[in-house]
Engineer: 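Dropping a structure here in structure tokens format, bear with me for questions.
We count ligands from 1, going down the list as the structure has it; atoms in each ligand are counted the same way.
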Amino acid sequence: MGLQLEPSFVQEAEHRPEPTISDAGAIPLVDLSSPPPTLIADIEAACRDWGFFQVVSHGVPLELLEGVQSMAKEFFSLPLEEKKRVQRDEENPVGYYDTERTQEVRDWKEVFDFTVKETFHIPVTEEDGRVRWREVRNQWPEHPPGMREACKEYRKAMEDLSFRLLELIALTLKLPPNRFNEFFKDTTSFIRLNHYPPCPSPDLALGVGRHKDAGALTVLAQDDVEGLDVKRKSDGKWVRVKPIPNSYIINIGDMVQVWSNDKYESPEHRVSVNSEKERFSIPFFFNPAYYTNIKPLDDLITEENPARYDEFNWGEFFMGRSNSNFKKLGVENTQIHHFKKKV
Ligand code: OGA
Ligand code: NI
């Protein structure tokens with residue numbers, strides 16, 4: 001990315017990271033080994049008040065995370081030409097890239113994406129406007145050896161943890177615990193290895209610009225370098241998330257917002273960078289099957305609580321929402337509020 005900040009990375013003045021970030025209020029901490037009534041009450045409060053929380057006693061073996069973390073470090077330290085051998089392109093949306101944009105401004109990061117299913121389908125809109133599903137495959141690098149295996153084991157653990165969290169969220173909504181499971185049979189979940197190199201102008205650029213995650217839930221592992229900022233619902237202030245060893249950061253995505261008919265909102269967040277330290281993070285994006293149609297759950301809709309969204313298709317939403325570098329610039333990304341019913 002060079003030592004000088006190119007103009008494409010510079011955030012508009014209003015979106016630059018303010019030098020003063022409230023670090024007073026930490027996001028909620030949830031102990032997954034708490035007895036069920038406490039656990040459900042804690043998760044309900046965390047989802048309602050923040051949409052963001054950290055979990056401990058989650059049962060994911062630390063070696064699995066450390067395995068992927070060391071593979072990520074090795075992979076990103078390879079020469080650019082080597083990484084580009086698994087670069088994503090017009091045909092395949094997963095692999096390596098360092099050109100992502102969020103809200104039109106380039107992110108100060110490089111990324112390797114892989115999906116949970118080795119083959120998966122993406123919707124492609126034909127000239128006549130019809131949607132066709134195209135099969136694509138993960139691209140695994142030759143180096144470091146063992147990366148594919150380490151990633152496979154880790155993603156299974158992430159899927160298990162996500163199903164557990166989703167079951168708890170269903171319980172907080174007074175739904176049967178498996179209420180959401182049917183949407184995830186042919187899941188489009190994916191994992192992203194993020195590398196945020198030291199940045200010469202951390203006051204002008206962001207690792208990831210402000211955004212909301214599109215899917216159901218995100219389970220994020222970060223290293224011990226802080227950088228994730230969450231917009232606090234109560235006062236709209238940016239709060240820096242403090243790393244806690246062997247914890248995962250969970251946030252609600254747009255789909256849970258719609259299913260819950262806005263009881264839980266998908267929170268805005270961003271990643272700040274710093275001039276000294278590089279940072280690594282690994283989000284697991286827990287996403288429904290492409291063919292899933294999404295709307296507020298009938299079980300939650302009453303006369304007093306009418307559906308606030310029109311039904312839409314997840315695959316089409318996601319492809320319109322992705323900040324892919326091959327998307328036309330100047331077109332606003334699809335956002336969940338575009339599906340709000342007019343009142
Ligand atoms: C993301 C994201 C946070 C982080 O990739 O969507 O919010 O700490 N990442 O890397
Ligand atoms: Ni995010």
Engineer: So if I count the atoms of ligand 1 from 1 in the order they appear, which ones are less than 4.0 Å from some heavy atom of Y196?
Structural biologist: 4 (C), 9 (N), 10 (O)
Engineer: Side chain of D223, backbone of F280: donor and acceptor closer than 3.5 Å?
Structural biologist: yes
Engineer: F285 heavy atoms, cut-off 4.0 Å: which ligand 1 atoms fall inside?
Structural biologist: 1 (C), 5 (O), 6 (O)
Engineer: Give the residue, atom name and distance (to 0.1 Å) of the protein heavy atom nearest atom 3 (C) of ligand 1.
Structural biologist: V271 CG2, 3.4 Å
Engineer: Among protein heavy atoms, which lies nearest atom 6 (O) of ligand 1, and at what distance?
Structural biologist: H211 NE2, 3.0 Å
Engineer: Give the numbers and elements of all ligand 1 atoms closer than 4.0 Å to a heavy atom of H269.
Structural biologist: 7 (O)
Engineer: How does R279 reach ligand 1, if at all, at less than 4.0 Å between non-hydrogen atoms: by side chain, backbone, both, or neither?
Structural biologist: side chain
Engineer: Pull out every atom of ligand 1 sitting under 4.0 Å from any heavy atom of D213, numbered as shown with elements.
Structural biologist: 6 (O)
Engineer: Ignoring hydrogens and geometry, is there a side-chain-to-backbone donor-acceptor pair from S189 to N287 under 3.5 Å?
Structural biologist: yes
Engineer: Could you check whether W314 and T188, counting side-chain N and O atoms only, form a donor-acceptor pair closer than 3.5 Å?
Structural biologist: yes
Engineer: Record the part of Q222 in heavy-atom contact with ligand 1 below 4.0 Å; permitted values are side chain, backbone, both and neither.
Structural biologist: neither
Engineer: Above 12 or not: heavy atoms from other molecules or residues under 6.0 Å from NZ of K73?
Structural biologist: no
Engineer: Determine whether R85 and E82 satisfy the following criterion, salt bridge (charged side-chain N to carboxylate O under 4.0 Å, His left out), listing intermediate values before the conclusion.
Structural biologist: CA-CA 5 Å; R85 293 173 64 179; E82 184 74 22; 3.7 Å; yes
Engineer: Will you find, in the side chains of Y196 and N274, an N or O donor that is under 3.5 Å from an N or O acceptor?
Structural biologist: no
Engineer: Quick one: does ligand 1 sit under 4.0 Å from the side chain of T218, the backbone, both or neither, non-hydrogen atoms only?
Structural biologist: neither
Engineer: Closest approach of R192 and F190, non-hydrogen atoms and distance?
Structural biologist: NH2-CE1, 3.7 Å
Engineer: For K340, is there an ion pair with D262 - N to carboxylate O distance below 4.0 angstrom?
Structural biologist: yes
Engineer: Would F76 and F112 count as a close aromatic pair, with their ring centres under 6.0 Å?
Structural biologist: no
Engineer: Within the 4.0 Å heavy-atom shell around N194, which atoms of ligand 1 are there?
Structural biologist: 5 (O), 10 (O)
Engineer: Grab the two heavy atoms, one from E110 and one from H195, that are nearest each other, plus how far apart they are.
Structural biologist: OE2-ND1, 2.7 Å
Engineer: Run through the protein N/O/S atoms less than 2.8 Å from the Ni ion (ligand 2) and write them out by chain and number.
Structural biologist: H211 NE2, D213 OD1, H269 NE2
Engineer: If we ignore hydrogens and angles and just use 3.5 Å, is the side chain of R164 paired with the main-chain N or O of L32 as donor and acceptor?
Structural biologist: yes
